[in-house]
Amino acid sequence: MIQLTNVSKQYDNGIVAVNDITLRIEQGEFVYVIGPSGSGKSTFMKLLNREVIATAGKMVVGKFNVSKIKKKQLPFLRRDVGVVFQDFKLLPNLTAFENIAYALEVTGASGKEIKQRVNEVLNLIGLSHKVHQYPDELSGGEQQRIAIARAIANKPKVLVADEPTGNLDPDTAMEIMQILEDINQSGTTVIMGTHNDYLVNQRKHRVLRLEQGRLISDLYKGDYREIN
Ligand code: ADP
């Protein structure tokens with residue numbers, strides 16, 4: 001469960017990127033975050049793993065009171081909130097296997113556990129045969145699948161994806177959507193920022209619409225066009 005109560009984020013330059021948002025997201029929901037560029041989508045999503053710190057309000061993510069979290073608890077919050085980016089952010093000098101393993105190594109898992117889990121997630125995203133390739137030897141869609149595998153390696157409760165299909169062609173975008181929906185089906189909350197109205201209309205889920213940092217609509221199974 002995610003609960004925001006009157007949450008705001010004002011950056012040091014004075015811009016209020018997230019403005020007084022109150023909302024609740026239940027475990028297992030699939031939620032789109034939409035809105036024009038600069039409306040606060042990325043900031044909203046970065047608040048969830050405390051990459052950005054709220055300047056007002058209260059925020060609970062699962063068992064964490066994010067507004068008051070202690071530094072030593074941060075790694076645990078981040079294990080519960082996996083993140084995926086538009087530009088994949090894979091480490092270029094590591095293979096697909098090593099990129100995913102890296103996320104697990106920091107948790108103190110044994111070599112055997114790591115190997116088992118990496119193979120599990122590679123299977124899930126259908127890329128077991130590309131395990132030893134480096135990112136630049138993979139297509140954009142394949143890189144994004146590896147990035148998703150890395151994000152779910154620690155079995156997070158929440159997966160945050162900021163424009164995950166932004167750099168991909170429409171067919172590949174659909175494949176990525178299917179993977180996100182499969183992950184959601186297994187009980188993970190998925191929160192996806194997107195500009196892609198086609199996806200939002202094809203695959204109906206709850207839609208949060210931001211404008212100038214404010215939550216201006218919150219529609220279940222909403223149609224992107226209707227709220228434009
Ligand atoms: P979106 O993801 O919808 O494009 P962002 O959350 O990236 O929106 O940005 C919201 C607003 O906050 C914009 O006006 C942007 O310029 C500003 N902003 C984003 N990040 C920072 C930052 N690190 N410092 C100052 N202002 C920022």
Side-chain angles (χ1 to χ4, degrees), residues 2-25 29-61 64 66-67 69 71 74 77-78 81-90 140 143-144 147-148 150-151 156 158-168 170 172-173 176-177 180 184 189-220 222-228:
I2 295 169
Q3 174 81 54
L4 275 72
T5 311
N6 303 115
V7 169
S8 296
K9 169 64 188 178
Q10 180 168 31
Y11 285 110
D12 291 343
N13 58 6
I15 289 177
V16 181
V18 163
N19 195 345
D20 198 21
I21 291 187
T22 297
L23 64 83
R24 184 181 171 96
I25 297 171
E29 281 195 69
F30 193 119
V31 182
Y32 294 114
V33 184
I34 65 167
S37 183
S39 58
K41 302 182 296 296
S42 290
T43 303
F44 171 77
M45 289 184 280
K46 285 176 182 166
L47 286 166
L48 298 172
N49 72 346
R50 214 182 192 254
E51 196 182 323
V52 159
I53 301 174
T55 44
K58 184 179 173 198
M59 198 159 84
V60 175
V61 176
F64 300 97
V66 180
S67 347
I69 197 166
K71 210 173 170 184
L74 259 187
L77 168 69
R78 296 203 171 138
V81 183
V83 285
V84 174
F85 308 94
Q86 178 172 358
D87 57 354
F88 326 129
K89 294 204 195 303
L90 294 172
Q143 289 184 59
Q144 192 57 300
I148 293 171
R150 176 179 62 181
V158 181
L159 179 62
V160 174
D162 193 354
E163 293 272 5
T165 63
N167 284 352
L168 305 174
T172 311
I176 295 295
M177 277 308 290
L180 294 178
N184 176 243
T189 306
V190 175
I191 300 177
M192 172 176 163
T194 185
H195 271 110
N196 189 331
D197 53 348
Y198 179 74
L199 285 184
V200 175
N201 287 324
Q202 283 284 310
R203 312 266 184 152
K204 302 250 167 118
H205 299 290
R206 182 177 175 186
V207 183
L208 305 177
R209 185 176 176 83
L210 300 184
E211 212 170 277
Q212 295 184 332
R214 288 190 182 275
L215 179 63
I216 60 157
S217 74
D218 180 354
L219 296 177
Y220 283 84
D223 191 312
Y224 188 77
R225 280 166 301 198
E226 277 172 13
I227 50 181
N228 258 324

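Note that the coordinates shown come from a computational prediction; the quantities given were computed from them, not determined experimentally. Counting starts at 1 for both ligands and their atoms, in listed order.
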Would you find a donor on one side and an acceptor on the other, under 3.5 Å apart, between the side chain of Gln144 and the backbone of Pro164? yes
May I ask you to decide if Leu74's main-chain N or O and Arg50's side chain share a donor-acceptor pair within less than 3.5 Å? no
Listed pairs under 3.5 Å, donor-acceptor, residues 34-41 side chains, sequence neighbours left out:
unit_1 : atom_1 : unit_2 : atom_2 : d
Ser39  : OG     : Pro36  : O      : 2.6
Lys41  : NZ     : Gly35  : O      : 2.8
Lys41  : NZ     : Pro36  : O      : 3.0

Find out whether Leu47 and Ile21 are in side-chain contact, i.e. whether some heavy atom of one side chain is under 4.5 Å from a heavy atom of the other. no
Run through ligand 1 for me and note each protein residue having a heavy atom under 4.0 Å from it, chain first, then residue number. Tyr11, Asn13, Ile15, Ala17, Pro36, Ser37, Gly38, Ser39, Gly40, Lys41, Ser42, Thr43
Name the atoms and distances for all side-chain donor-acceptor pairs under 3.5 Å in residues 11-20, with sequence neighbours left out.
unit_1 : atom_1 : unit_2 : atom_2 : d
Tyr11  : OH     : Thr43  : OG1    : 2.8
Asn13  : OD1    : Ile15  : N      : 3.1
Asp20  : OD1    : Asn6   : ND2    : 2.9

I'd like to check the ring-ring contact (aromatic ring centres under 6.0 Å, His included) partners of Phe30; sequence neighbours left out, ordered by chain and number. Tyr32, His205
